[in-house]
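What follows is a short report on a single structure.
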Amino acid sequence: LTELSYQLKYGDEKSIHRLLENLLHPYYGEKNIVVDFRLFNIKMANVLIDFSSSLNVNLSVVIEGDILEAIPSHKNMKEYIDFIIEIVKKIRNLNVKSQVNKTERIIEDSIVYIEHHFTDSTLSLEVVSEHLNISISYLSMLFSKLKGISFNKYLIKVRMDKAMELLKFTNEKVVNIAGMCGYKEVYYFSHSFKKYTSVSPKEFRNNGNE
């Protein structure tokens, strides 16, 4: 059943169906006599267990009770094949959902970390990646894919949004606001702010108070 294990992971429905038919053919004679069919079922159960385990899916979520009791009898090949394929589809779908949830959690955790540490001028993609124990390239890819924006642009957005809030609702000096938004140099802060908003911090504050 080595080929079946491979097809369960990578094959399409037609390929799996065709292979199951070939594997089951010896057990379906004219008189529908069972020859060591229980042994075949045990092997099939092990294949499904290994398959679900390889995708980090708990098979008990897909099949309730004893897997050997859940597998249909030998009397109907179509029912048997349909059952196996349905189980495979459920396992694959659960794996996809799990991967989606995992990536969403990574992004959520990284955003929370940014919001709590954006005042730190040393905050970077590398720092967040190390905190989350994932690779820099993976986090960068997730940001672009799920947020539609690069990590650096998102960090700038968070800092600029905070800067605009402080300029509008406080009397803090621009040099202080720069530091509160993660910029060591007020000149670089002003340059970044104007690039982001098209106006200088001073102009933004004056326009907001008009």
Side-chain angles (χ1 to χ4, degrees), residues 1-114 125 128-151 154:
L1 297 179
T2 302
E3 175 64 18
L4 180 59
S5 296
Y6 178 85
Q7 289 296 338
L8 294 188
K9 272 191 175 184
Y10 308 108
D12 56 25
E13 188 172 329
K14 287 184 179 179
S15 299
I16 296 172
H17 194 286
R18 185 165 53 250
L19 180 57
L20 284 171
E21 281 186 335
N22 292 335
L23 291 171
L24 289 167
H25 182 72
Y27 302 97
Y28 289 82
E30 292 182 1
K31 296 182 179 180
N32 210 25
I33 299 175
V34 181
V35 180
D36 292 331
F37 197 75
R38 181 167 177 78
L39 179 58
F40 180 84
N41 270 355
I42 292 173
K43 292 180 180 179
M44 178 62 70
N46 286 331
V47 168
L48 291 174
I49 291 169
D50 290 342
F51 171 57
S52 61
S53 177
S54 70
L55 296 183
N56 295 316
V57 172
N58 188 344
L59 191 59
S60 63
V61 175
V62 182
I63 302 176
E64 293 184 7
D66 189 333
I67 183 173
L68 289 174
E69 294 179 1
I71 296 176
S73 70
H74 68 282
K75 295 180 180 180
N76 188 319
M77 182 189 286
K78 182 180 184 306
E79 180 184 354
Y80 191 101
I81 292 175
D82 288 347
F83 173 83
I84 299 300
I85 289 178
E86 186 62 26
I87 294 302
V88 171
K89 288 160 72 173
K90 288 181 179 179
I91 291 172
R92 285 180 172 182
N93 288 337
L94 285 172
N95 173 251
V96 170
K97 290 180 180 178
S98 175
Q99 293 302 315
V100 170
N101 291 338
K102 181 181 179 181
T103 55
E104 288 178 346
R105 283 197 300 272
I106 290 173
I107 289 297
E108 289 174 2
D109 290 345
S110 63
I111 287 174
V112 169
Y113 191 84
I114 289 170
L125 178 63
V128 179
S129 297
E130 184 176 351
H131 171 73
L132 298 176
N133 196 30
I134 58 176
S135 71
I136 295 170
S137 58
Y138 184 57
L139 181 58
S140 178
M141 180 274 293
L142 288 184
F143 250 93
S144 298
K145 184 176 180 180
L146 299 183
K147 300 299 292 183
I149 187 174
S150 70
F151 175 91
Y154 185 83

Requested in this report: For the residue pair Ile111 and Lys147, establish whether any side-chain heavy-atom pair is separated by less than 4.5 Å.
Outcome: yes

**Report entry** Close side-chain approach of Phe40 to Leu24, heavy-atom, < 4.5 Å
**Finding:** yes

With sequence neighbours left out, write down each residue that passes side chain to side chain donor-acceptor pair (under 3.5 Å) with [X], or none if nothing qualifies.
X	value
Glu130	none
Asp12	Ser15
Asp109	none
Ser54	none

Report task. Return yes when atom OH of Tyr6 has more than 12 non-hydrogen atoms of other residues, nucleotides or ligands closer than 6.0 Å, and no otherwise. Result -> no

Query - Stepwise side chain to side chain contact (heavy atoms under 4.5 Å, CB included) test for Asp50 and Ser5 - result: CA-CA 8 Å; Asp50 290 342; Ser5 296; 6.0 Å; no

So, taking the atom named [atom1] in [X] and the one named [atom2] in [Y], what distance separates them when rounded to the nearest 0.5 Å?
X	Y	atom1	atom2	result
Leu48	Lys43	CG	NZ	14.5 Å
Phe51	Lys9	CZ	NZ	8.0 Å
Leu23	Ile84	CG	CD1	11.0 Å
Leu139	Ile134	CG	CD1	4.5 Å
Glu86	Ile91	CD	CD1	11.0 Å
Tyr138	Leu132	OH	CG	11.0 Å

Report task. Kindly determine whether Leu20 and Ile85 satisfy side chain to side chain contact (heavy atoms under 4.5 Å, CB included), including the steps that lead there. Result -> CA-CA 9 Å; Leu20 284 171; Ile85 289 178; 4.3 Å; yes

Between [X] and [Y], which heavy-atom pair has the shortest distance, and what is it?
X	Y	value
Leu19	Gln7	CD2-CG, 3.7 Å
Ser135	Ser129	O-OG, 3.8 Å
Ser150	Ser144	CA-OG, 4.3 Å

Report task. Start with the C-alpha distance between Lys78 and Phe83, add both sets of side-chain angles, then the distance that settles side chain to side chain contact (heavy atoms under 4.5 Å, CB included), and finish with yes or no. Result -> CA-CA 8 Å; Lys78 182 180 184 306; Phe83 173 83; over 6 Å; no

Query raised in the report: Taking the six-membered ring for Trp, are Phe143 and Phe151 parallel (under 30°), tilted (30 to 60°) or perpendicular (over 60°)?
Result: perpendicular

Report task. Could you name each residue pair satisfying side-chain hydrogen bond (donor to acceptor under 3.5 Å, both in side chains) that touches residues 89-104, not counting sequence neighbours? Result -> none

Query raised in the report: Side chain of Ser110, backbone of Ile107: donor and acceptor closer than 3.5 Å?
Result: yes

Side-chain donor-acceptor contacts of residues 59-71 below 3.5 Å, not counting sequence neighbours, with atom names and distances?
{"from": "Ser60", "atom 1": "OG", "to": "Asn58", "atom 2": "OD1", "distance (Å)": "2.6"}
{"from": "Ser60", "atom 1": "OG", "to": "Asn58", "atom 2": "ND2", "distance (Å)": "3.2"}
{"from": "Asp66", "atom 1": "OD1", "to": "Leu68", "atom 2": "N", "distance (Å)": "2.8"}

